[in-house]
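Hydrogens, waters and symmetry mates play no part in the numbers below; they use all other heavy atoms, side chains included. For this chain, numbers begin at 1 and follow the sequence in order.
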Amino acid sequence: MQHIAEPTVEQTPTALAQSAANCAYWLETMRVQGGFGGPVVHWWQHALMFTGAGIDWRYEGIISGYLDLYRASGLYYYLDRAVAAANDIVNGQDEYGNYANSQFQLNPYTAGTPHEAAVDIALLNVASRLKAEQAEGWEGYIATARRSIENFYIRRLWNAERRCFFDDTRSITIVPNKVATLFIALARLSELSGDSRYLDAYGLPALNHCLSLQNGRDENRGAFAQYIEQGRPVNWYFPYYNARIVPALVLAHDLTGNDTYLAAAVSTMQFILRHIDADGGLPQVVYADRRANRYPRWVAGAGDVILAGLSLVPHGFAFDYQPTLDWILGGQLESGGFQTARGFESQGSQKTPPSLPHAFDLLPVAGWTDKRSPYCAGCSPTAPPSLPRPPAR
């Protein structure tokens, strides 16, 4: 294992803090009626016609980013922004517990996974911070998240026979990275509500079901298949989505003391690190037959890779995040947002991309830029005593 690299001159704590503040500023420019909006580009498909507010996984990173910036700076501006975002979520919940426009690239539709679980994480993070601050209103955010988890996930997607959550009501497909996101929501709801049922009866059994499907052999050992359909794994290994599983495994270890979870998290992170390119980017998909789909390579979304590695650092795991940090910071636009990816032009051909970027490469998306924002202050060895305020409009 490698040692954690020191930041370069261009990435001092102050520079990282300004980058974070600029990112937060850009996100505020994406506010529309009901929340954070804008178009979506994705590997699967795009949502270019609908640009309204999406109550989807963008809120997980947006709120975590604001709370990180608040802790690092002490500026109540960022806490206020986190609370305003949480209120978007509350106002966007329907009578069934689902959230408006929660399908990301499929918007404007509801009942999206892992999006609604990520929204619940965002709410529970705000509730936890407000409770610690002895501020009012935190119980309401817990109630909203509980309604989502009870009415949607437990009543509609839980399968008692498999002891896991399916991806939709057809009960055909299980997606490990989506289960991992839900596990974090269940664990935090269990902690904040005092009801251990969410963790013990649902969270841990679901995570254990996915853990039994982890690849234990060949060069893809440690990886999780993208999904399991009718009990059979589809062995497409997405390094990015595997990164979203790691923090859930670490949390499961921390809550139970079971080293099996920690070993699995380390193995998954090692799989990811084996596939990071010299420039810090990652291929989109690695197949069981050793082929790789390389394009597009996420820029903003690669923040989740760094967050995954950082979740293991307290347990003695060290890694060199500098190439990926360079890769991401090199994609920050003058607006404060971030490039979504590099190489959309080559998505079909898989040939080396041309020198000029595709328009989708340069299109910042709230639901990808948010993946970069949470670690802006946290990944530097020493956070600055205060963060610069966002640039004036």
Asker: In Å and rounded to the nearest 0.5 Å, what is the OG1 to CE distance from T51 to M49?
Answerer: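 Result: 9.0 Å between the selected atoms.
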Asker: Quick one: does any side-chain atom of T324 pair with a main-chain N or O of Y321 as donor and acceptor, under 3.5 Å?
Answerer: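 Flag not set: sc T324 to bb Y321 has no pair under 3.5 Å.
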Asker: Check whether any side-chain heavy atom of L79 lies under 4.5 Å from a side-chain heavy atom of L67, and answer yes or no.
Answerer: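 They are in side-chain contact.
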Asker: Going by ring pair (Phe, Tyr, Trp, His ring centres under 6.0 Å), name the pairs with one or both residues in residues 241-273, residues two or more places apart or in two chains.
Answerer: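 Passing the test, one end in residues 241-273: F238-Y241, H253-H315, F271-H275.
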Asker: If Ile, Leu, Val, Met, Phe, Trp and Tyr residues are connected whenever their side-chain heavy atoms lie under 4.5 Å apart, and connections chain through other members, are L213 and W236 in the same group?
Answerer: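 L213 does not cluster with W236.
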Asker: Parallel, tilted or perpendicular, judged at 30° and 60°: which one describes the rings of H115 and F104?
Answerer: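 Ring orientation of H115 relative to F104: tilted.
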Asker: Report the C-alpha distance between R156 and N98 in whole Å, list the side-chain angles of each, state the deciding distance to 0.1 Å, and finish with yes or no for side-chain contact (heavy atoms from CB on, under 4.5 Å).
Answerer: CA-CA 11 Å; R156 298 177 63 191; N98 293 113; 3.5 Å; yes
Asker: With a 4.5 Å cut-off on side-chain heavy-atom distances among I, L, V, M, F, W and Y, is there a chain of contacts connecting L363 to L356?
Answerer: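 The answer is no; the residues belong to distinct hydrophobic clusters.
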Asker: Start with the C-alpha gap between N177 and Q226, add the side-chain angles, then the distance that decides, and say whether side-chain contact (heavy atoms from CB on, under 4.5 Å) holds.
Answerer: CA-CA 8 Å; N177 79 81; Q226 176 60 15; 3.6 Å; yes
Asker: Indicate whether the side chain of R146 and that of Y198 have a donor and an acceptor atom separated by less than 3.5 Å.
Answerer: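 Checked: R146/Y198 side chains pair up, N/O donor to acceptor below 3.5 Å.
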Asker: Regarding R290 and D218, does a basic nitrogen lie under 4.0 Å from an acidic carboxylate oxygen?
Answerer: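 No, no charged N to carboxylate O under 4.0 Å.
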Asker: Any salt bridge linking R244 with D304? Criterion: basic side-chain nitrogen under 4.0 Å from a carboxylate oxygen.
Answerer: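 Yes.
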Asker: Check for me, please, whether L310 and L329 land in the same ILVMFWY cluster - side-chain distances under 4.5 Å, paths through other members count.
Answerer: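 Per the 4.5 Å side-chain linkage, L310 and L329 are co-clustered.
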Asker: Just wondering, are more than 12 heavy atoms of other shown residues or ligands nearer than 6.0 Å to OH in Y287?
Answerer: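 Count over threshold, so yes.
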Asker: Looking at every heavy atom in both F183 and A248, which two are closest together, and how far apart are they?
Answerer: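 The pair with the smallest heavy-atom distance is CE2-O, 3.4 Å.
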Asker: With sequence neighbours excluded, what pairs up with F50 under the side-chain contact (heavy atoms from CB on, under 4.5 Å) test?
Answerer: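 If we apply the side-chain contact (heavy atoms from CB on, under 4.5 Å) test to F50, skipping adjacent residues, the hits are N101, N107, P108.
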Asker: Does D94 use its side chain to pair, donor to acceptor, with the backbone of G97 at less than 3.5 Å?
Answerer: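 Side chain of D94 to backbone of G97, a donor-acceptor pair under 3.5 Å: yes, one is there.
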Asker: Contact between Q103 and D56 at the side-chain level, heavy atoms closer than 4.5 Å - yes or no?
Answerer: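 No, every pair of side-chain atoms sits at 4.5 Å or beyond.
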Asker: Say whether D167 and Y227, considering side chains only, have a donor N or O and an acceptor N or O under 3.5 Å apart.
Answerer: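 No, no side-chain donor-acceptor contact under 3.5 Å.
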Asker: Within this structure, what is the CG-OG distance for the pair N22 and S335, rounded to the nearest 0.5 Å?
Answerer: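 N22 atom CG to S335 atom OG measures 9.0 Å (nearest 0.5 Å).
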Asker: Sub-3.5 Å donor-acceptor pair from the side chain of K178 to the main-chain atoms of I174, do we have one?
Answerer: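 Not a single qualifying donor-acceptor pair exists.
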Asker: Quick check: does any side chain N or O of N220 sit under 3.5 Å from a backbone N or O of A223, one acting as donor and the other as acceptor?
Answerer: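 Judged by distance alone, no pair lies under 3.5 Å.
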Asker: Is the backbone of G222 close enough, under 3.5 Å, to the side chain of Q214 for a donor and an acceptor to pair up by distance?
Answerer: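 Present.
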Asker: Please give me the minimum heavy-atom distance between R58 and V40, naming the atom from each residue.
Answerer: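 That closest heavy-atom pairing would be NH2-CG2, 4.0 Å.
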Asker: Distance check, rounded to the nearest 0.5 Å: L189 atom CG versus E150 atom CD?
Answerer: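 The distance works out to 8.0 Å.
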Asker: Can you give me the closest heavy-atom contact between Q33 and A53, atom names plus distance?
Answerer: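 Scanning both residues, the minimum pair turns out to be O-CB, 3.7 Å.
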Asker: So do the side chains of Y295 and W43 get within less than 4.5 Å of each other, counting heavy atoms only?
Answerer: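 They are not in contact (no side-chain heavy atoms under 4.5 Å apart), so the answer is no.
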Asker: Do E139 and I142 touch side chain to side chain, with heavy atoms closer than 4.5 Å?
Answerer: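 The answer is no, as the side chains (C-beta and beyond) never meet within the 4.5 Å cut-off.
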Asker: Would you say the ring centroid of H46 lies under 6.0 angstrom from that of F344?
Answerer: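 Ring-ring flag for H46/F344: true, centres closer than 6.0 Å.
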Asker: Compare every heavy atom of P205 with every heavy atom of L199, then report the nearest pair and how far apart it is.
Answerer: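 L199 and P205 have their closest heavy atoms at O-CD, 4.0 Å.
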Asker: To the closest 0.5 Å, what do you measure between CD (Q339) and OG1 (T369)?
Answerer: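 These two atoms lie 10.0 Å from each other.
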Asker: Kindly work out whether a path of hydrophobic side-chain contacts (I/L/V/M/F/W/Y, heavy atoms less than 4.5 Å apart) joins I121 to L186.
Answerer: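 I121 and L186: separate clusters.
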Asker: Partners of T352 by side-chain contact (heavy atoms from CB on, under 4.5 Å), sequence neighbours excluded?
Answerer: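 Expected list: none.
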Asker: Please confirm whether the backbone N or O of L282 pairs with a side-chain atom of W327, one donor and one acceptor, at under 3.5 Å?
Answerer: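 Judged by distance alone, no pair lies under 3.5 Å.
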Asker: Could you walk me through whether L251 and L255 satisfy the side-chain contact (heavy atoms from CB on, under 4.5 Å) test, starting with their C-alpha distance in whole Å, then the side-chain angles of each, then the deciding distance to 0.1 Å, before giving a yes or no?
Answerer: CA-CA 6 Å; L251 178 59; L255 291 173; 3.9 Å; yes
Asker: For H42, which of F360, Y240, W368 qualifies under ring-ring contact (aromatic ring centres under 6.0 Å, His included)?
Answerer: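 Of the listed residues F360, Y240, W368, the ring-ring contact (aromatic ring centres under 6.0 Å, His included) partner of H42 is W368.
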Asker: If you apply the rule side-chain contact (heavy atoms from CB on, under 4.5 Å), what do you find for W298 with V305, and how did you get there?
Answerer: CA-CA 10 Å; W298 300 131; V305 175; over 6 Å; no
Asker: Holding to side-chain hydrogen bond (donor to acceptor under 3.5 Å, both in side chains), I want the full list of residues that pass it with D120, two or more places apart in sequence or in another chain.
Answerer: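 side-chain hydrogen bond (donor to acceptor under 3.5 Å, both in side chains) check on D120 returns Y99, S148.
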Asker: Please determine, by modelled atom types, if N125 and R188 share a side-chain donor-acceptor pair under 3.5 angstrom.
Answerer: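 Note: N125 and R188 side chains meet the donor-acceptor criterion.
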Asker: With a 4.5 Å heavy-atom cut-off, do V179 and H209 have their side chains touching?
Answerer: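 Side-chain contact under 4.5 Å: no.
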Asker: Do R81 and E28 sit within salt-bridge range, that is, some charged N less than 4.0 Å from a carboxylate O?
Answerer: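 Salt bridge present between R81 and E28.
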Asker: Measure from the side-chain N and O atoms of T268 to the backbone N and O of A264, and report whether any donor-acceptor pair falls under 3.5 Å.
Answerer: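 Flag set: sc T268 to bb A264 pair under 3.5 Å.
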Asker: Indicate if W138 and V83 have the same hydrophobic cluster label, given that clusters are the connected sets of ILVMFWY residues with side-chain heavy-atom separations under 4.5 angstrom.
Answerer: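 The answer is yes; both residues are in one hydrophobic cluster.
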Asker: Is the backbone of D279 close enough, under 3.5 Å, to the side chain of D277 for a donor and an acceptor to pair up by distance?
Answerer: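 Checked: no pair found.
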Asker: To the closest 0.5 Å, what do you measure between OG (S311) and CD1 (I306)?
Answerer: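 The CD1 atom of I306 is 12.5 Å from OG of S311, to the nearest 0.5 Å.
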Asker: P176: what forms a side-chain contact (heavy atoms from CB on, under 4.5 Å) with it, not counting sequence neighbours?
Answerer: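 So P176 forms a side-chain contact (heavy atoms from CB on, under 4.5 Å) with C210, F224, I228, I245.
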Asker: Taking C-beta and beyond as the side chain, do I55 and E116 meet within less than 4.5 Å on heavy atoms?
Answerer: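 Heavy-atom side-chain distance check fails, nothing below 4.5 Å.
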Asker: Quick one: salt bridge (Lys or Arg N to Asp or Glu O under 4.0 Å) partners of R291, sequence neighbours excluded?
Answerer: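 If we apply the salt bridge (Lys or Arg N to Asp or Glu O under 4.0 Å) test to R291, skipping adjacent residues, the hits are D289.
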Asker: How close do A86 and Y141 get, heavy atom to heavy atom, and via which atoms?
Answerer: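 Result for this residue pair: CB-CE2, 3.7 Å.
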Asker: Below 30° counts as parallel, above 60° as perpendicular, anything between as tilted: where do the rings of F36 and Y66 land?
Answerer: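 Taking Y66 first and then F36, their aromatic rings sit tilted (interplane angle of 30° to 60°).
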Asker: Measure up the Y70 and Y76 rings against each other and bin them: parallel (under 30°), tilted (30 to 60°), perpendicular (over 60°).
Answerer: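 Rings of Y70 and Y76: tilted, 30 to 60°.
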Asker: Grab the two heavy atoms, one from S346 and one from K351, that are nearest each other, plus how far apart they are.
Answerer: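 For S346 versus K351, the nearest heavy atoms are OG-O, 2.7 Å.
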Asker: Please report the interatomic distance OG(S19) to CZ(F338), rounded to the nearest 0.5 Å.
Answerer: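 So the gap between those two atoms works out to 4.0 Å.
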Asker: Keeping the roles fixed (side chain from Q350, backbone from Q347), state whether a donor-acceptor pair exists under 3.5 Å.
Answerer: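 Yes; at least one donor-acceptor contact below 3.5 Å.
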Asker: Could you check whether any side-chain heavy atom of W26 comes within less than 4.5 Å of a side-chain heavy atom of L333, counting everything from C-beta outward?
Answerer: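 The answer is no; the side chains never approach within 4.5 Å.
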Asker: Taking side chain as C-beta onward, heavy atoms only, is W158 less than 4.5 Å from Y153?
Answerer: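 No - every pair of side-chain heavy atoms lies 4.5 Å or more apart.
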